[in-house]
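Each remark here refers to the structure printed beneath this line.
Order of the sequence lines fixes the chain letters, A, B, ..., with proteins taken first and strands second; residue numbering starts at 1 for each chain. Keep in mind the model is a prediction, meaning the values are calculated, not measured.
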2 protein chains.
Amino acid sequence: MGNKGESNRQLIVKAADQLFYTRGYHQTSFRDISDATGIPRGNFYYYFKTKDDILNAVVEARVEVYGDILKDCEQKSTDPLQRLLCFSNMLSKFEDNLIVAGCPIGTLCSELAKYEADLQEVSRAVFSLMRDWLVKQFAALNYSDADNKAMDMMARMQGITVMASAFGDRDFIHRSLKELQDWINSLRLN
Amino acid sequence: MGNKGESNRQLIVKAADQLFYTRGYHQTSFRDISDATGIPRGNFYYYFKTKDDILNAVVEARVEVYGDILKDCEQKSTDPLQRLLCFSNMLSKFEDNLIVAGCPIGTLCSELAKYEADLQEVSRAVFSLMRDWLVKQFAALNYSDADNKAMDMMARMQGITVMASAFGDRDFIHRSLKELQDWINSLRLN
DNA sequence: GTCTATATGTAGATAGAC
DNA sequence: GTCTATCTACATATAGAC
């Protein structure tokens, strides 16, 4: 009794994840996902009742993936400041994708914020995950306004990706990441 | 010979502008625009050949509108620093809209960046307008890296709107705007 | 579980009467 | 210039054979 079904389900989620990112949620059709996976359109409804259900599964998968990234940053150092630097390095690590399609999380939230409150709440989950994690790091640095710092850092990174994507400007990412990391390093003394 | 035709055209552009903002470009149908204006769908093709042409007209209209905002900031003060503060005040002025639908320019660029290079280039026009204007102000403050400063300021504002919209957080806008304006004021001495 | 065929709605776009 | 009727394509979703 294998996991063939589960495997197909995972294939769909994986392809949808990528397509929702590179084309947007509404601009991704079942046909697109079918083409990417080789799985017939009609088959999707065996695994998911609606397209929105696929979105839910994609967000769950992303929570998993970004949770792993955060865990990785935790394992590489016990120093909160080093962990923040590790987090900020996502800008460099995913640079190629950020330039062409922006931040997967930010652009999804922006798309779904537009008069689709239910879906937007779903998409916000990954942001919340990161925010909570960042709060922990800033709290460990003895900042009483840890949540403010977390929001500030996320806003900075989002702003960088929006502008870098709008102008296709890799150098802007490099320079901004450096400045962001200077800012992080300046938080040591508290 | 009246301007009745022109007036209808303007009605379409105005409604499309609003809908592209609150619902997104792809999520806005001719039916939506028809419902908003009372103008029959088939009639649109008398004024525009394609939906993309409507987008072009909308972006042109926005260039006009934001150009006026920039002119207004110029007229209110000859001091570049005051002008920058005036520009930043858009975050407060448009707060209600930013919370529910993000930045009209940023979200359009993000949406159209997704594998639609032609459309993205069109949408970038308003960003370019602002960027050039900001460069002038920073240059007037004797910054040799005026373009970097302009990009930094726009990135900050974009990041603020993305996070405020994602979390529906008005207070974050208020606090961030204050910090942004502190930053602007700190640029006096150069 | 997997697939084809199809239902139903709506998208952008066109034709042609008035 | 304005409007209705309609075309073609494709969207999500369903039915039912295998």
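Distance from the side chain of B/Asn43 is smallest to D/dC3 among D/dA13, C/dG12, D/dC3. Here D/dT2 is the nucleotide among C/dG12, C/dC3, D/dT2 with the atom lying nearest to any side-chain atom of B/Tyr47. The side chain of B/Asn8 approaches D/dT2 more closely than any other nucleotide in the set C/dA13, D/dT2, D/dT12. Here the side chain of B/Tyr45 is nearest to one of C/dG12, C/dA11, C/dT2, namely C/dG12. Closest to the side chain of B/Ser29, out of C/dG1, C/dA13, C/dG12, is C/dG12.
Annotation: side chain of B/Arg175 is in contact with side chain of A/Asp152 (closest heavy-atom distance under 4.5 Å).
Heavy atoms of B/Arg41 sit nowhere under 4.0 angstrom from any nucleic acid atom. At the heavy-atom level, B/Thr28 lies under 4.0 Å from the strands shown only through sugar-phosphate atoms.
For B/Phe30 and D/dC3, the CZ to P distance is 16 Å, given to the nearest whole Å. Between the NZ atom of A/Lys51 and the P atom of D/dA11 there is a distance of 9 Å, given to the nearest Å. For the pair B/Asp53 CG and C/dG12 P, the computed distance is 14 Å after rounding to whole Å. Spacing between atom CG of A/Asp32 and atom P of D/dC10 amounts to 11 Å, rounded to whole angstrom units. In this structure, the NE2 atom of A/His26 is 15 Å from the P atom of C/dT10, given to the nearest Å. A straight line from OH of B/Tyr46 to C1' of C/dA15 spans 17 Å, rounded to a whole angstrom. Here the C1' atom of nucleotide D/dT2 and the CD1 atom of B/Ile12 are 11 Å apart, to the nearest Å. Between B/Gln27 atom CD and C/dG12 atom C1' the separation is 14 Å, expressed in whole Å.
Comparing A/Gly42 and A/Arg31 against DNA chain D, the residue whose closest nucleotide sits nearer the 5' end is A/Arg31.
What you find for B/Arg23 and B/Gln27 is that their closest heavy atoms are O-CB, 3.0 Å. In this structure, A/Gln82 and A/Ser77 approach most closely via the heavy-atom pair CB-OG, 3.3 Å.
Looking at B/Arg83 and B/Asp79, no side-chain N of the basic residue comes within less than 4.0 Å of a carboxylate O on the acidic one, giving no salt bridge. A salt bridge is absent between B/Arg31 and B/Asp35; no separation between the charged side-chain nitrogens and carboxylate oxygens falls under 4.0 Å.
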